[in-house]
Structures are given as C-alpha cells and as structure tokens.
Amino acid sequence: ALPISNLVKAIIDAMKNHDSVGEVQVHACDALFELSRVPAAYGIFKENTTKELLLRAKSHFKSCESDVDDIMATFEKKK
C-alpha cells in the first residue's frame, strides 16, 4: 500500500491536473476530507499550496464547500 502522504499528494496532483473537472474536484475533496483525519498526512494539509488548492475548489465547486470547510477547521486548530 502507498504511504498516506503519497496518496494525498496523488490526489492533490489530480486536482491540479484537472482543475476544471467538477467530478474530480468533488471526489478529491471528499477523499482529502477522510485523509485529513490521518496524523501522517497533517504536514501536507498545513502547506499553503494545499490550502490554496482546496480554497480554489471550494470557490468553484459548491459540492466541495463542506469538506473544505471541515479540513480547514481541523488545521486551524492544529498549529
């Protein structure tokens, strides 16, 4: 199995490579929400590029809003 950090990076790469494909963005946000609960992935979620990507998805795809809000709330607390 892939290490969690590699999995998160693969999802982020898919989001970057398919930034206008709503289905990719929505499923990616959902998967990242689940992975954001795994301590091994915390570092990636704290990176500014990850936050920017999530906020972009949220602003373009309504279905991403709740997942992105939940992810952001999790990492605002973990400083």
Side-chain angles (χ1 to χ4, degrees):
L2 280 175
I4 293 294
S5 59
N6 288 10
L7 190 55
V8 172
K9 287 177 183 166
I11 294 168
I12 289 170
D13 285 345
M15 290 179 78
K16 288 177 185 169
N17 294 333
H18 305 283
D19 63 349
S20 61
V21 183
E23 195 169 344
V24 171
Q25 299 299 309
V26 171
H27 287 293
C29 286
D30 186 45
L32 290 174
F33 167 72
E34 299 298 334
L35 292 167
S36 71
R37 304 307 190 237
V38 180
Y42 287 176
I44 298 167
F45 286 100
K46 292 181 179 181
E47 292 175 9
N48 284 334
T49 52
T50 304
K51 291 178 183 178
E52 289 165 10
L53 190 67
L54 288 167
L55 291 173
R56 185 187 183 291
K58 175 185 169 180
S59 71
H60 287 79
F61 304 100
K62 184 123 178 90
S63 301
C64 291
E65 278 183 11
S66 64
D67 283 334
V68 172
D69 287 345
D70 288 345
I71 292 167
M72 292 300 191
T74 296
F75 293 98
E76 287 304 305
K77 290 181 232 160
K78 293 181 180 7
K79 295 211 172 172

Which residues pass the side-chain contact (heavy atoms from CB on, under 4.5 Å) test with [X], sequence neighbours left out?
X: Ser5; answer: Pro3, Ile44
X: Asn48; answer: Lys51, Glu52
X: Asp69; answer: Lys58
X: Ala10; answer: none

Contacts under 3.5 angstrom, residues 20-28 side chains, donor-acceptor by atom type, not counting sequence neighbours:
unit_1: Gln25; atom_1: NE2; unit_2: Met15; atom_2: O; d: 3.0
unit_1: Gln25; atom_1: NE2; unit_2: His18; atom_2: O; d: 2.9

task = Give the intermediate values and the outcome of side chain to side chain contact (heavy atoms under 4.5 Å, CB included) for residues Ile4 and Leu35.
result = CA-CA 8 Å; Ile4 293 294; Leu35 292 167; 4.1 Å; yes

inquiry  = Holding to side-chain hydrogen bond (donor to acceptor under 3.5 Å, both in side chains), I want the full list of residues that pass it with Arg37, two or more places apart in sequence or in another chain.
reply    = Thr74

request  = Could you tell me how the ring of Phe75 sits relative to the ring of Tyr42: parallel (under 30°), tilted (30 to 60°) or perpendicular (over 60°)?
outcome  = perpendicular

request  = Write down the atom of Cys29, the atom of Ala57, and the distance for their closest heavy-atom approach.
outcome  = SG-CB, 3.9 Å

inquiry  = Taking Ile71 as the starting point, is it possible to reach Ile11 by hopping between hydrophobic residues whose side chains are less than 4.5 Å apart?
reply    = yes

query = Do Leu7 and Phe45 share a hydrophobic cluster, counting only Ile, Leu, Val, Met, Phe, Trp and Tyr and linking them when any side-chain heavy atoms are less than 4.5 Å apart?
reply = yes

key: Atom pair NE2 (His60) and CD (Glu65), whose distance is rounded to the nearest 0.5 Å   = 12.5 Å

inquiry  = By the definition side chain to side chain contact (heavy atoms under 4.5 Å, CB included), identify the one residue from Leu54, Asp67, Leu53 that meets it with Leu32.
reply    = Leu54

message = Do Leu55 and Met72 have side chains that approach each other closer than 4.5 Å (heavy atoms only, starting at C-beta)?
response = yes

